[in-house]
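Shown next, in structure tokens, is the structure this report addresses.
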Amino acid sequence: QVQLVESGGGLVQAGGSLRLSCAASGFTFSTYAMAWFRQVPGKERELVAAISWNGGTAYYVDAVKGRFAIAKDLAKNTVYLEMSSLKSGDTAVYYCVRDALQYRQAALHETGKDSGSWGQGTQVTVSS
């Protein structure tokens with residue numbers, strides 16, 4: 001049974017930083033690409049960042065390039081999202097997602113879009 005448990009969300013002032021963590025279990029973590037999505041009420045979920053199965057390649061949506069960093073710790077079965085220079089527009093619920101496919105290395109912008117394996121989400125609120 002796939003389990004993804006996010007943590008690290010909270011309230012932060014604009015310009016500040018947060019690190020989100022996602023502890024994964026119930027599957028072979030080292031063989032799947034992982035992603036972070038976010039959702040604002042009334043809008044569709046948006047892919048923010050993705051990382052390949054071996055952690056060697058990453059993808060970022062333009063809005064977060066240079067500010068966010070995704071990382072995968074294979075020893076801890078955990079994926080992280082380091083967020084800095086936060087803006088009010090980053091306010092959302094952030095979800096950790098396991099890809100539907102094993103061993104995705106390319107087309108990381110498609111990671112997680114057909115996946116049924118989502119965490120419960122963690123709220124990030126950036127105050128201006």
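Worth saying up front: this structure is predicted, and the values here are computed from it rather than measured.
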- All ring pair (Phe, Tyr, Trp, His ring centres under 6.0 Å) counterparts of Y94, not counting sequence neighbours: none

- Give every residue pair that meets the side chain to side chain donor-acceptor pair (under 3.5 Å) criterion with at least one member in residues 71-86, sequence neighbours excluded. none

- Do F27 and Y32 touch side chain to side chain, with heavy atoms closer than 4.5 Å? yes

Can I get a per-line list of side-chain donor-acceptor pairs under 3.5 Å for residues 117-128, giving both atom names and the distance, sequence neighbours left out?
from	atom 1	to	atom 2	distance (Å)
W118	NE1	S115	O	3.0
Q120	NE2	E6	O	3.3
Q120	NE2	E6	OE1	3.4
T122	OG1	G9	N	3.2
Q123	NE2	A92	O	3.4
Q123	NE2	T125	OG1	3.3

- Close side-chain approach of M83 and L20, heavy atoms under 4.5 Å: yes

- Message: Enumerate the disulfide (SG to SG under 2.5 Å) contacts for residues 39-71, please, sequence neighbours excluded, ordered by first and then second residue.
- Response: none

- Scan for salt bridge (charged side-chain N to carboxylate O under 4.0 Å, His left out) pairs involving residues 42-51, sequence neighbours excluded, and state none if there are none. R38-E46

- Task: Quick one: closest heavy-atom pair of F29 and V79, and the distance?
- Result: CZ-N, 4.0 Å

- Taking all atoms of both residues into account, what is the closest heavy-atom pair of V2 and R98, and its distance? CG2-NH1, 3.5 Å

- Task: Quick one: name the residues clustered hydrophobically with W53, using the 4.5 Å side-chain heavy-atom rule over I, L, V, M, F, W, Y, and just say none if it's on its own.
- Result: Y103

- Message: Filter on salt bridge (charged side-chain N to carboxylate O under 4.0 Å, His left out), then keep only pairs touching residues 102-123, sequence neighbours left out; what's left?
- Response: D99-R104

- Task: Is it possible for you to say whether L101 and L47 belong to one hydrophobic cluster, with membership spreading through side-chain heavy-atom contacts below 4.5 Å?
- Result: no

Atom pairs and distances, donor-acceptor, side-chain atoms in residues 56-65, under 3.5 Å, two or more places apart:
from	atom 1	to	atom 2	distance (Å)
T57	OG1	Q105	NE2	3.1
Y60	OH	I70	N	2.9
D62	OD1	K65	NZ	3.0

- What residue pairs, at least two apart or across chains, pass side chain to side chain donor-acceptor pair (under 3.5 Å) with a residue in residues 17-30? none

- Message: Show every disulfide (SG to SG under 2.5 Å) that has at least one partner inside residues 51-121, sequence neighbours left out.
- Response: C22-C96

- Query: Tell me, do V48 and F37 make a side-chain contact under 4.5 Å, heavy atoms counted?
  - Reply: no

- Applying side chain to side chain donor-acceptor pair (under 3.5 Å), name anything that partners T91, two or more places apart in sequence or on another chain. none

